[in-house]
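Mind looking over this structure? Questions follow.
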Amino acid sequence: MNDISLKDALKVVGTRPVRPDGVDKVMGRAQFGGDAVMPGMIFGSTVRSPHAHARIIKIDTSAAEAMKGVRAVVTAADLPNITSEEAFVGEGPMNFRDLSCNLMARDKVLYDGHVVAAVAATSTSIARAAAEAIKVEYEVLPHVINEMEAMQPGAPVLHDDIFTSGVDPKPTTPSNVVKRMEFAKGDLEAGFAAADKIVERTYTTAPVHQAYIEPHACVAAFNPDGQCQVICSSQGHFMVRAYCAKLLGIDISEIRVTPAEIGGGFGGKTLVYLEPLALALSRKAGRPVRMVMTREEVFRGSGPTSGGTINVKVGAKMDGTITAAHAEVILQAGAYPGSPIGPALMTCWAMYDIENASAVGFDVVSNRPKVAAYRAPGAPISTYATESAVDELSRAIGMDPIELRLKNAAKDGTKALYGPTFQNIGYVETLEAAKNHPNLQAKLGPNQGRGVAAGFWFNIGGESSASLAVNEDGTIALVSGSPDIGGSRASMAMMAAEVLGVNVERVRPIIGDTASVGFTFVTGGSRVTFATGTAVCDASDDIVKQLRGRAAKLWEIDVEAVEWRDGSAYPAGDNAGKFEPLSLADIAVKSGRTGGPIAAKATVNAQGAGPGWGVHVVDVEVDKETGHVKILRYTAAQDVGRAIHPSYVEGQVQGGAVQGIGWALNEEYIYDKDGRLDNGGFLDYRVPVASDLPKIDVALVEVPNPRHPFGAKGVGEVPIVPPMAAIANAIFDATGVRMTSLPMSPPKVRAALDAAGK
Amino acid sequence: MATVHLGATLCRTYCGDIRVVEVKALTIGRMIKELDALFPGLGNQIEESMAVAVDGEIFQDTLIDPIGPDSEVHLIPKIAGG
Amino acid sequence: MSKTHVTCTVNGEETEFLCDSNQTVLDVLREDLGLTGSKEGCGSGDCGACSVLVDGRLVCSCLMFGSEAEGTSITTIEGIADGENLHPVQSQFLKHAALQCGFCTPGLIVATKALLDANPSPTDEEARYWLAGNLCRCTGYDKIMNAVHAAAAELRGESA
Ligand code: FES
Ligand code: FES
């Protein structure tokens, strides 16, 4: 076992080699979901509801079916009617019946873009024409988009079997409020009574899409013998297999899913949208079917994450001690239950050691697409509100925002609002790293301001599998079950190389299909480097043990007398110096004669992922004429435990921060009065582009996680949590105007400045 | 005896106003069984949708991880992520 | 539907294809010529994942009809390297970890090559504006800009 505190002893971990899948990607050879081909493949398309809420009266597919080239049409009638059954998917508990109805509407459509039918034909253009020829008769129902309106008595009710849970007495009439949730500690009233200053405010956020550049895509074949093949881009091919089996009523053993390269996911590809439809079409057509969403379908039918309304009240003494904090968070779930309300509540005060605190939340359905996970689900929404309020508080008592955070910072031994006591956390170190960053010395000009905010994410572990085989020439084949979304093959190869003591180029990592490697949970929750990395290290340790055993046989000594160092076996103890060391390649070439191939596998259910902390500092300039906010400087400090490949760790932080900048300044779902999405394309749903941004400076803090062989903690989720509040706080610093509604787009900033008479 | 905190909203249906119980268990699986005996249905709820924080460290989807004789255990909603 | 016969040069090779009137150059490249390196992120000219060079000019291939390719010379991501030797833009993208998922990468590399062909010493602002038509959701563009400037330096013959 490695001593994780000994960073200097590491030879591979912490370096920046070229990633093993890199050349394919810069040459255009990498195969993504939409690039995959199967012999005889035909093409699918979908029919989507133009209504926000309507009853399906009749679906007439006859004209489409009669078209030349059309091979299959499916509707909900072709899928099994799934009974209500809770399952735990990307975002939290979800019901398989809901998942099935979200895939293909049954009886009612619940949002603009809800799929009602799918068709497969010999070309994409025929499939699209056929989709238009499918006539659906609807009875349009009143709809509700906004979460606050959806909570009102008398609002159109989406599901007649939802009775708010978590409230006393149990309601007797159905509503759109799925559940109420609460975390509390201490005595809130006493805490507020002890405060010298109290800030109380309401904030709203807009739903935003993960907006991965690769639309959802798959190819699927349903063979006459019942065996199914799927090639798709997803955050978890075992997840795809499980959901396809469940939603189509077939055995898991009948389905083999091969992961394609995935063009971004950020949580949005932890669900299925196309794969079961492609299989259902293939079953009918007798041909493999490829389905690729258009960009508009991606916006209307997949993702996004919730928008919400948050009420915050927080109080402190003049010395900066926060005495009480309360947040009420109302989140949109979309058309089916399951917003990230739990994590939104658990994260929003996690940065603080506060004696009296509470967080209350509501999960609310409305006529929008069902939300999907998006980086640190829930946390950015609630934290935007709490970190804005804390900023206001620090100004009210005249204390520097970083000092206020240091004074109240969660540390080892702090009991979180949701129960557990933190240990091995690096939040104070992260605050210090932000405070000491040279960017904070930069002088600000007129209309410029600086904002600070922090963020927290739990990180998770869970089930992962990996296997290693020593090739005859001493190179290594490494197979893991985690789709590589941001360079994880590089870090897997590096960890194996470190344990084995070989050059990282000697290790070739791939992602195995569902039949070639053990079950592995989705790439999400910032778990891969931690959990799959642990499996890779375990398997590598096993290989080392076997290599020592083979050397012992060749030398005819006891295995305990063989030491593994720098990729070679050395005789140790009494035998030290008696034999020439044997390299991995020397042992590999003789492996057949010393007992057969050398291979190992490891499976883990990793627990004890170390939580992550981020502190962001941003400088902005506000154009008072137009309301445009320009980001001048951006600094992101984060505790990452141990950076395995620092470039890709920095990349995660930079990418997350920039998604947060988009969330803060531009991104939103806009609906018209009929509940139709108005901005379902990259022209009107504006994600950040290169010219919007400055450099994103990253300060990596390494407080190792004792539960990982090299101390790694999850990285990818945290950086999207602080940006919205940091930017709102910077805008206040620049203008004296507090932005309480996202996005802080030019018209809204302009309006806020007007209202404040600035 | 480990101290188990039942504060989470998800526990209320099963535990009513009881917020803390002492449970004799050396693994998470045993603890879930003991809790289910006290509050029928809670065991299933924990296994389906909850995580278990043992002395600050979060465990989910596991029955075999150990609990110390004086551990502080919190039941919290299960965590996933993006 | 009658098809149009088109003759053009793709990555230096004379190429013929038949296309429907509604097929874009991107469709032809991906579906008919097997060149799947160019990606479709939007199909509406907003993401740049489909960037190719047409007679040296940077074009969104999703906005150009196949029939308009007659007589042109098209360079796609597959034609950027010199055989197995990576172009400096490609090798600097790798060296600087300028890709995460890699879906935007082909378009960005083609667009960067076009930039550096036109302007061998772009300022950071010029480079950022030139590449503003190429969306990347993963990286936040920071490492991409590092790679662009390193490639520019390498192409100018400066040691990086
Ligand atoms: S696919 Fe051509 S610009 Fe997006
Ligand atoms: S690397 Fe994923 S979109 Fe750019």
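Chain letters run A, B, ... following the sequence lines, proteins first, then strands; residues in each count from 1. Since the model is a prediction, treat every value here as computed from it, not as a measurement.
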Closest heavy-atom contact between Pro688(A) and Arg137(C)?
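Looking at all heavy atoms of both residues, the shortest contact is CD-NH1, 3.7 Å.
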Chain A heavy atoms under 4.5 Å from Ile80(C): which part of the residue, side chain, backbone, both or neither?
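Interface part for Ile80(C): neither.
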Region of Phe299(A) that comes under 4.5 Å of a non-hydrogen atom in chain C:
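For Phe299(A), no heavy atom lies under 4.5 Å from chain C.
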Work out which heavy atom in Tyr648(A) is nearest to a heavy atom in Leu99(C); give both atom names and the distance.
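Shortest heavy-atom separation between Tyr648(A) and Leu99(C) comes out as CE2-O, 3.1 Å.
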Part of Ile213(A) lying under 4.5 Å from any heavy atom of chain C
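The answer is both parts of Ile213(A).
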Crowded around Glu70(C) CD? As in, over 12 foreign heavy atoms under 6.0 Å?
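Atom CD in Glu70(C) is packed in, count exceeds 12.
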So, the side chain of Arg19(A) versus the backbone of Ala97(C): is there a donor-acceptor pair under 3.5 Å, distance only?
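A pair under 3.5 Å: no.
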So what's closer than 4.5 Å to chain C heavy atoms on Ser647(A): side chain, backbone, both or neither?
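Ser647(A) touches chain C through backbone and side-chain heavy atoms alike.
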Leading residue by heavy atom contact count with chain C [cutoff under 4.5 Å; candidates Pro215(A), Gly265(A), Ser488(A)]
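Winner by heavy-atom pair count: Pro215(A).
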Do Arg30(C) and Asp35(A) pass the salt bridge (charged side-chain N to carboxylate O under 4.0 Å, His left out) test, and can you show the C-alpha distance, the side-chain angles, and the key distance before you say yes or no?
CA-CA 8 Å; Arg30(C) 290 181 52 82; Asp35(A) 302 333; 2.7 Å; yes
Is it true that Lys143(C) and Glu650(A) have a side-chain N and a carboxylate O under 4.0 angstrom from each other?
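A salt bridge is present here (some side-chain N lies under 4.0 Å from a carboxylate O).
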Chain C heavy atoms under 4.5 Å from Val658(A): which part of the residue, side chain, backbone, both or neither?
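Interface part for Val658(A): side chain.
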Would you mind checking which part of Ser44(C) comes under 4.5 Å of any heavy atom in chain A, side chain (CB onward), backbone (N, CA, C, O), both or neither?
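Neither the backbone nor the side chain of Ser44(C) comes within 4.5 Å of chain A.
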Tell me, side chain or backbone of Val23(A) under 4.5 Å from chain C's heavy atoms, or both, or neither?
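Both backbone and side chain.
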Looking at Glu31(C) and Arg290(A), is any side-chain nitrogen of the basic one under 4.0 Å from a carboxylate oxygen of the acidic one?
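Salt bridge present between Arg290(A) and Glu31(C).
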Could you tell me whether the side chain of Asn22(C) reaches within less than 4.5 Å of the side chain of Ser125(A), counting heavy atoms only?
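Yes, at least one pair of side-chain atoms sits under 4.5 Å.
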Let me know if Pro694(A) has heavy atoms under 4.5 Å from chain C in its side chain, its backbone, both or neither.
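When you check distances to chain C, only backbone atoms of Pro694(A) fall under 4.5 Å.
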Is the closest basic N to carboxylate O distance between Lys39(C) and Glu261(A) below 4.0 Å?
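So Lys39(C) does not pair with Glu261(A) through a salt bridge.
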Check whether Phe103(C) gets within reach of chain A through its side chain, its backbone, both or neither, counting any heavy atom under 4.5 Å.
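For Phe103(C), backbone and side chain are both near chain A.
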Is chain C contacted by the side chain of Leu683(A), its backbone, both, or neither, given a heavy-atom distance below 4.5 Å?
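Both backbone and side chain.
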Got more than 12 heavy atoms from elsewhere within 6.0 Å of CZ, Arg29(A)?
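Check fails, neighbour count at 12 or below.
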On a heavy-atom basis, which atom in Cys47(C) and which in Phe682(A) lie closest, and how many Å separate them?
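Shortest heavy-atom separation between Cys47(C) and Phe682(A) comes out as CB-CD1, 4.1 Å.
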Given 3.5 Å as the limit, does a donor-acceptor pair link the side chain of Gln100(C) with the main chain of Gly651(A), or not?
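Between the backbone of Gly651(A) and the side chain of Gln100(C) there is a qualifying donor-acceptor contact (under 3.5 Å).
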Can you tell me how far the CD1 atom of Ile77(C) sits from the NZ atom of Lys25(A), to the nearest 0.5 Å?
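So the CD1 of Ile77(C) and the NZ of Lys25(A) are separated by 13.5 Å.
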Checking heavy atoms, do the side chain of Ala657(A), its backbone, both or neither come under 4.5 Å from chain C?
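Contact with chain C involves no heavy atom of Ala657(A) at all.
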Beyond-backbone contact of Phe266(A) with Cys138(C), side-chain heavy atoms, under 4.5 angstrom:
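Heavy-atom side-chain distance check passes, below 4.5 Å.
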With a 4.5 angstrom heavy-atom cut-off, which part of Asn146(C) approaches chain A: side chain, backbone, both or neither?
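Contact with chain A: side chain only.
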Between Leu94(C) and chain A, with a heavy-atom cut-off of 4.5 Å, which part of the residue counts as in contact: side chain, backbone, both or neither?
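Both parts, backbone and side chain.
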Which residue out of Met293(A), His645(A), Met27(A), Gln210(A) racks up the most heavy-atom pairs below 4.5 Å with chain C?
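Looking at each of Met293(A), His645(A), Met27(A), Gln210(A) in turn, Met27(A) comes out on top.
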Does this structure show an ion pair linking Arg295(A) with Asp46(C), if we count only N-O contacts that are shorter than 4.0 Å?
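Answer for the salt bridge query: no.
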Looking at Ile696(A), is its backbone amide N or carbonyl O close enough to the side chain of Asp142(C) to form a donor-acceptor pair, meaning the two atoms are under 3.5 Å apart?
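Checked: pair present.
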Working to the nearest 0.5 Å, report the span between OG of Ser123(A) and CG of Asp20(C).
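The CG atom of Asp20(C) is 7.5 Å from OG of Ser123(A), to the nearest 0.5 Å.
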Which bit of Ala132(C) comes within less than 4.5 Å of chain A, counting heavy atoms only: side chain, backbone, both or neither?
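For Ala132(C), backbone and side chain are both near chain A.
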